[in-house]
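See structure below.
Whatever order the structure lists ligands and atoms in, that order sets their numbers, starting from 1. Keep in mind that this is a model prediction, so the values were computed, not measured. Index from 1, following the sequence.
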Amino acid sequence: VANKETLDFQAEIKQLLKLMIHSLYSNKEIFLRELISNASDASDKLRFEAINQPSLYESDSELAIQVAFDPTAKTISITDNGIGMSRDEVIANLGTIAKSGTKEFFSKLSGDQQKDATLIGQFGVGFYSGFIVADRVTVESRKAGLTAEEGVRWESAGDGEFTIEAITRAKRGTTIILHLKPEEEELLSSWKLKSIIRKYSDHISIPIQMFKEEWDEKESKQVVTSELENVNEASALWTRNKNDITEEQYQEFYKSISHDFEAPLCYSHNRVEGRSEFTQLLFVPKKAPFDLWDRSKRSGLKLYVKRVFIMDDSEQLMPSYLRFVAGVIDSADLPLNVSREILQESRDVKFIRESSSKRVLNMLDDLANNEDEAKRAQYQDFWNEFGQVLKEGTGEDAPNLEKIAGLLRFASTQNDSEAQTTSLKEYVERMKEGQEKIYYVTAESYLAAKNSPHLEIFKKKGIEVLLLTDRVDEWMLSYLTEFNGKALASVAKGGLDLGDLADEKEKEEQIEAEKQYTFLLQKMKKTLENKAKDVRITLRLTDSPACLIADENELSGNLLRMLKAAGQ
Ligand code: ADP
Ligand code: MG
């Protein structure tokens with residue numbers, strides 16, 4: 001055909017395809033979930049566009065997805081009457097990866113199949129997962145609003161290139177045809193496909209249909225009729241009653257919206273009524289996504305208005321320090337034509353964000369302070385994955401500071417380990433009689449913190465000190481200044497005031513020493529004139545001859561080092 005063109009995949013896709021086929025083989029059934037989810041996304045997009053342009057429906061407004069198979073041709077097809085794609089869109093969407101974090105993703109691949117499979121899952125292979133079971137994939141599509149002659153066919157064997165040609169397609173929408181590999185023929189069964197759909201895609205809000213099978217007396221076997229039947233429940237999961245949803249359905253829903261292979265750590269499903277009316281279904285993952293530190297990463301929340309999908313990744317719905325939360329918000333109050341700009345201003349959205357943050361913090365608190373040791377261990381795992389992000393909340397979410405402070409975990413001189421397991425509550429419970437402050441030291445590393453000369457007097461007196469070594473800690477400490485009425489105090493600042501912890505003898509010794517060494521002090525001050533503001537006698541050292549301290553209101557030594565390193 002004259003109009004047929006052969007084009008190359010972007011290099012990343014070639015790499016991804018190779019990797020994916022091998023590492024995802026044990027999860028191969030997800031191809032159907034991914035293709036159905038694309039069909040459902042396409043239907044969501046059409047519904048959204050049609051709010052302002054109803055003619056896009058072309059007298060066919062019953063949105064549905066059809067899954068069919070052909071035992072003779074050995075194909076499975078997935079058809080939707082959603083938004084469809086133009087020729088340019090097919091080339092862009094199915095020939096290149098435009099996702100944010102693509103570079104990070106490829107830099108994280110290790111070559112270890114097990115590890116890479118998880119990463120690939122998080123990255124979301126989507127459409128390309130068809131190549132796990134097919135040795136050739138054909139896509140036929142026509143965009144809503146274009147003419148029948150403006151249809152397009154894309155085809156590839158997943159080996160580095162694809163062809164594209166113009167076709168005539170009467171119906172709007174997209175059909176994906178998988179030409180199965182010989183070893184995948186067991187998928188050519190009504191029963192098999194239905195069970196995969198029910199397992200992975202039951203929550204899809206539009207009908208997923210298959211042709212009914214009937215027993216044929218004459219041929220004495222099951223034959224496929226031309227009558228369609230619904231295979232899924234076809235009501236969006238979050239709109240159902242909690243009691244009608246099984247644990248497994250929640251898990252599969254989470255996996256399908258997050259691309260995670262693992263079940264979530266915990267979730268919360270609520271209908272909120274009152275000042276603003278909305279449904280929230282929020283999941284906390286077990287593992288941090290590969291792009292958690294990508295600054296452009298937005299929250300994993302999808303926004304719906306009265307069951308109509310509005311947008312993905314709406315950062316207005318969740319503060320940045322909870323960006324790892326995945327889920328759905330379905331508002332009854334927002335206008336359907338809401339834009340990102342409107343979201344920024346909306347009081348309803350502010351209310352949703354506050355309510356959702358609180359939910360997430362409560363879920364975490366419930367794990368962290370659970371009587372059940374296994375739950376507390378789960379919280380510790382969560383902390384190890386997400387603790388550094390949660391610390392950002394101390395500055396970002398002032399109204400919830402107290403709650404967040406209760407969730408923090410630190411390394412401590414109490415344990416001989418760099419593991420962050422000590423809560424402020426435990427610290428306070430262990431405080432010595434007469435101790436008024438929560439002491440901490442900040443440093444670049446655990447070893448530096450642990451061996452800091454500032455700790456000597458605390459060791460001698462058996463006072464616990466928290467060892468803070470994360471980059472975000474200094475920043476956090478400018479917001480987190482107290483817990484339960486106990487001030488946080490740096491052991492490296494000011495004229496260390498041990499309060500009632502210093503005994504009489506020590507106070508006398510201090511005065512005595514100051515008298516005795518007046519001359520020496522004066523000489524040292526003179527010598528260090530431009531380098532040190534002051535030179536003092538101290539009893540805080542037991543092994544080291546001297547140490548540097550910062551003034552009460554000055555930046556700490558560690559922060560100065562960090563700022564210097566950052567070129568400030
Ligand atoms: P994702 O769904 O995460 O964007 P996919 O690899 O699943 O990634 O799909 C890539 C893109 O191809 C989609 O974003 C969409 O633009 C397009 N696409 C895939 N399937 C369809 C479909 N059935 N109808 C319309 N567009 C589709
Ligand atoms: Mg997809």
Among all protein heavy atoms in this structure, tell me which lies nearest to [atom], with the distance rounded to 0.1 Å.
{"atom": "atom 11 (C) of ligand 1", "result": "Asn93 CB, 3.8 Å"}
{"atom": "atom 1 (P) of ligand 1", "result": "Asn38 OD1, 4.4 Å"}
{"atom": "atom 8 (O) of ligand 1", "result": "Lys99 NZ, 4.0 Å"}
{"atom": "atom 25 (C) of ligand 1", "result": "Ala42 CB, 3.7 Å"}
{"atom": "atom 14 (O) of ligand 1", "result": "Lys45 NZ, 4.4 Å"}
{"atom": "atom 23 (N) of ligand 1", "result": "Asp80 OD2, 2.9 Å"}

* Distance-only side-chain donor-acceptor flag, Glu247 / Tyr267, under 3.5 Å ->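 Side chains of Glu247 and Tyr267: pair found under 3.5 Å.
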* Polar side chain donor-acceptor pair, Glu150 to Thr147, under 3.5 angstrom ->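 Judged by distance alone, the side chains do pair up.
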* Counting distance only, does the side-chain N/O of Asn241 pair as donor-acceptor with the main-chain N or O of Asn243 below 3.5 Å? ->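 Here the side-chain-to-backbone pair exists.
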* Contact bool for atom 4 (O) of ligand 1 (protein heavy atom, d < 4.0 Å) ->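 Given the 4.0 Å limit, the answer for atom 4 (O) of ligand 1 is no, no protein heavy atom qualifies.
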* Using protein heavy atoms only, decide if any is under 4.0 Å from atom 27 (C) of ligand 1. =>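 Yes, there is one.
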Going by the order shown, which atoms of ligand 1 are within less than 4.0 Å of some heavy atom of [X]?
{"X": "Phe127", "value": "5 (P), 6 (O), 7 (O)"}
{"X": "Gly126", "value": "5 (P), 6 (O), 7 (O)"}
{"X": "Leu94", "value": "12 (O)"}

* Within less than 2.8 Å of the Mg ion (ligand 2), any N, O or S from Ser37? ->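 No, since none of the N, O or S atoms of Ser37 sits under 2.8 Å from the Mg ion (ligand 2).
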* Asked: Under 6.0 Å between ring centres, would you say that holds for Phe162 and Phe9?
  ->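 Yes: the rings meet the under 6.0 Å criterion.
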* Would you say His259 has any N or O atom under 3.5 Å from an N or O of ligand 1, going by distance alone? ->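 Such a contact does not occur with ligand 1.
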* Asked: If we only count N/O pairs under 3.5 Å, is Tyr128 in contact with ligand 1?
  ->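 No, Tyr128 has no N/O under 3.5 Å of an N/O on ligand 1.
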Could [X] and [Y] be called an ion pair, given the rule that one side-chain N must be under 4.0 Å from one carboxylate O?
{"X": "Lys143", "Y": "Glu49", "result": "no"}
{"X": "Lys255", "Y": "Glu248", "result": "no"}
{"X": "Lys194", "Y": "Glu229", "result": "yes"}

* Determine, stepwise, if the pair Gln344 / Gln316 fulfils side chain to side chain contact (heavy atoms under 4.5 Å, CB included). => CA-CA 6 Å; Gln344 243 156 18; Gln316 280 14 297; 3.9 Å; yes
* Among Arg169, Arg142, Arg153, side chain to side chain donor-acceptor pair (under 3.5 Å) partner for Thr175 ->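 Checked Arg169, Arg142, Arg153 against Thr175; only one passes side chain to side chain donor-acceptor pair (under 3.5 Å): Arg169.
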* Side chain proximity check, Val139 to Phe127, heavy atoms < 4.5 angstrom ->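 When only atoms from C-beta onward are counted, Phe127 and Val139 do touch, with a gap below 4.5 Å.
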* Asked: Below 4.0 Å from any atom of ligand 1, is there a heavy atom belonging to Glu34?
  ->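 Outside the 4.0 Å threshold, so no.
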